[in-house]
Amino acid sequence: MAADTFLGRPISPLTRRRIDNFRANRRGYGALWIFGVLFALSLVAELWANDKPLVVRHAGNWYVPIFATYPETTFGGIFKTEADYRSAEVQRLIEDEGDGWIVWPPVRYSYDTYKKDLPPGVGAPSPPTAFDNWLGTDDQARDVLARAIYGFRMSVLFALVLTALSAVVGVAAGAVQGYFGGWVDLVMQRFIEVWTSIPLLFTLIILASIVEPNVWWLLGIMLLFEWVAFVYIVRAEFLKVRNLDYVRAARALGVLDRHIMFRHILPNAMVSTLTYLPFVLTGAVTLLTSLDFLGFGLPPGSPSLGEMVGQGKENPQAPWLGLTAFTVLSVMLVLLVFVGEAVRDAFDPYKAVDA
Amino acid sequence: MTRLVDVRDLRVTFGHGARAVEAVRGVSFHVGAGETVSLVGESGSGKSVSALSILQLLPYPKAWHPSGSIRFRDRELMGAPAAELRAIRGDRIAMVFQEPMTSLNPLHTIERQVAETLVLHKHMLPPDARARTVELLSLVGLPNAAQRLRAYPHELSGGQRQRVMIAMALANAPDLLIADEPTTAVDVTIQAQILRLVKDLQRQLGMAVLWITHDLDVVRKISDRVYVMNEGEVKESGTPAEIFERPQHPYTRKLLDARPKGRGAPVPGDAAEIMRVDGLKVWFPIRAGILKRTVDHVKAVDGVGLTVRAGQTVGVVGESGSGKTTLGLAALRLTRATGGGVYFDGRDLLALPPRDVRPLRSDMQIVFQDPYGSLSPRMSVGQIIGEGLAAHARLPAVEGERRALIAGILEEVGLEPAMQDRYPHEFSGGQRQRIAVARALALRPKFIVLDEPTSALDVSVQAQILDLLRDLQARHRLAYLFISHDLKVIRALADHVVVMHHGKIVEQGPADAVFDRPREPYTRALLAAALDLEVVDAAAVST
């Protein structure tokens, strides 16, 4: 029997069936590809949306400003600080005096680049212009496209880290409850019920008035509340599997409890956890966006889609703000939901591929 | 005799193209009016699929017929219009299924379910339908039929549900009853009652019965003619006398030879005592009221005592719910005992702290019934077998030694050493059960609880596992506690027999004494039902 392989690893027919089921959901499969490409592109956003040139040729020398920092004096300027490549003076030094040229990324702004050379009579937020601010600028004269790209990356990374961490905590808690049952289960269930009745938003608002919120604070506080989502499914799975014959057989062999939990039961619980994961991910994206919108989220200046939504609300005369934020968010969420549906199909034991 | 149903060259294929599976390959059989015909075969032989084809009940279009003709009273059913098939289903041809727990709708009363086909096919008015329902339920021997019309399926026992199913099937006095393993899921005493019931009804109503089963003894008992099926083909057909006395086809002979035979080897009376169970009780509390006070107990095991000696097989027989599996689990301290003592090698297992029980686990092992549920699907065979050794720090650290050790154990249970890198799903049921035996054997135990180790297997595979168990016992002087509902298997293996009923031991003694000279009425009824498929002393058993 020839072993079936996927990405170079041998897989069981069960895994093969799940992969086939996932692919059979064409919408979800396509969504995964699109999302994957978008996310990969956003991870290297510095290469194509940056206020520093990719390559500079000056006086016969090569410079790569996106990877290295050069003082203005390198190009014959007077300041010892880093060259501001966007300024006309530096460009003149390089192109005219140094007899060189500059290769810019397609988007010449980073998320925190302030556009200082708005044309006379135009205030921020400025409308879209061809070849420069493709989606206009926001109310602090920052490029909307660059902020959308970095904001997308921030949302996805934040959601991924939050989901991964809460899965670890939630699965561990659910495993302990389900495996031992009885009093352990009873006490932890009651604790979770009390815990989940604490409103996350108000806790954050109160905390925001005490500490300066940063990404790690936010992550920690949201983690305190998000892990609960996994407890119920993992607990149910453990309650079911702990009485199966192969777990009993392991107990009869004298295998330690923690080995039984990790080796025998956890792989089963992971199936339901994986099914649930994409939906927790979308939830985390929405949560972060809404907090940013209310102003209790990421620190000011961070690339944030929620903040952009807020600006759209404040500036109805600049529809490019709201429209961009809306489009990015809805595309991202729709893609994630489609992927989630395909994952659910993939693990559905009653779904046959060829039906 | 006129042919009621005539099936010719029936083929059934599931799926299309490369994934296509041929389930039935050119089967021909016929059933005459008033005749009882059996399709017998092991799982996957195509017997149920052939029978379902008659009423065109297969999952079309995934299933399809490359060829074949099914004629019922000279009407072609193959590809008949849906309306015509509906008129025949449940009216002229009725079916009874295997699982009495799931073939009745739990949300409807039995009256509604039985009367449904009367209203549908006979256009009866409700009062008439009710009268006829009572008549039918009395006919199938449901006690107090008129009072039980409003009962829901969960209020009935498994045997009673199967009777209701038969009443539904008989409602329109069909010409043919197709019975798909109707007694496989019920206890032997109930099986004997159902067999007698169908026989009686057949005589009264003059209907034909197509009986689908894997049980050769049932076939012999009831059939006028038999078709032996294997791999989607009819291998041999004839009267029971022809098939059982003068089997022609090698497969039929193999099937007949596979029936459990032999006797348990007696052990000397002074053999060392391995396990002694004394007055063991496993009670589960029934709680009621808002304070959840214990009002009563379900006495799963109630004061059971037995002794197992080195090299001895003690057989525990009983019907479902008799507490035999709970006894096996409690003897290994895998479930909590309420009282009594379990002495393993002279030490009271129930009194020891868990830390001291763990080292003892290498001396006592268990093999479960379901070879599909008892192996972790995500571990390779080598990991499964090595797990117990690792837990007791007896697995060699050197990879070569480890593989050699596991290879040796696999060879001992008749598997290839190379199989240790494969996963359970790649094996058949019989092979999986061998792996489960290998896992139990790896620690070189003195005592193994065998909890229905052959019940989920086909007869030919069952015989091989029994031979293996007997062989291993002789070689290692293993003591077995063999739990089974199958008296034929117990007869073939056990030296000492314990009969359980409602958590208590009804009778125990040497196998010969219990089987040949049963003292208790319950034992007699059980033996008659299991070995002769006869109803004896019905008062001693439940309905």
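Below, chains carry the letters A, B, ... as their sequence lines are ordered, and counting in each starts from 1. Keep in mind that the numbers below use all heavy atoms, side chains included, and drop hydrogens, waters and symmetry copies.
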Neighbour count >12 (heavy atoms, 6.0 Å) for atom CZ, A:R190: yes
Grab the two heavy atoms, one from A:G254 and one from B:A391, that are nearest each other, plus how far apart they are. O-CB, 3.8 Å
Looking at B:G388, B:A440, B:P61, which one has more heavy-atom pairs under 4.5 Å with chain A than the rest? B:G388
Residue part contacting chain A, namely of B:L443, when any heavy atom lies under 4.5 Å: side chain
Might you work through the side chain to side chain contact (heavy atoms under 4.5 Å, CB included) test for A:R248 and B:I366, ending with a clear yes or no? CA-CA 9 Å; A:R248 278 215 180 110; B:I366 184 161; over 6 Å; no
How far apart are the closest heavy atoms of B:Q365 and A:A252, and which atoms are they? NE2-O, 3.1 Å
For B:Y60, does the OH atom sit with more than 12 other heavy atoms under 6.0 Å from it, leaving out its own atoms? yes
Would you sort out whether B:E387 and A:R263 count as a side chain to side chain contact (heavy atoms under 4.5 Å, CB included), showing the intermediate values? CA-CA 10 Å; B:E387 185 170 32; A:R263 216 178 295 153; 2.8 Å; yes
For B:M379, is there any backbone N or O sitting under 3.5 Å from a side-chain donor or acceptor partner on A:H264? no
Please indicate whether A:Q189 has more than 12 foreign heavy atoms, meaning atoms of other residues, nucleotides or ligands, lying under 6.0 Å from its CD. yes
Around A:F262, counting heavy atoms of other residues, nucleotides and ligands shown, do more than 12 lie under 6.0 Å from its CZ? no
Would you say that more than 12 heavy atoms from the other residues, nucleotides or ligands in this model lie under 6.0 Å from the OH of A:Y276, or not? no
Per-residue contact mode, B:R333 against chain A (heavy atom under 4.5 angstrom): neither
With rounding to the nearest 0.5 angstrom, report the CG to CZ distance, B:L329 to A:R251. 10.0 Å
For B:R394, does the CZ atom have more than 12 heavy-atom neighbours from other residues, nucleotides or ligands under 6.0 Å away? yes
Checking B:S362 against chain A: side chain, backbone, both or neither under 4.5 Å from a heavy atom? neither
Over 12 foreign heavy atoms within 6.0 Å of CH2, A:W217: no
With side chain to side chain contact (heavy atoms under 4.5 Å, CB included) as the criterion, how do B:R361 and A:L253 come out once you've worked through the C-alpha distance, each side chain's angles and the decisive distance to 0.1 Å? CA-CA 6 Å; B:R361 295 222 172 272; A:L253 288 168; over 6 Å; no
Counting heavy atoms not belonging to B:R336, are there more than 12 under 6.0 Å from its CZ? no
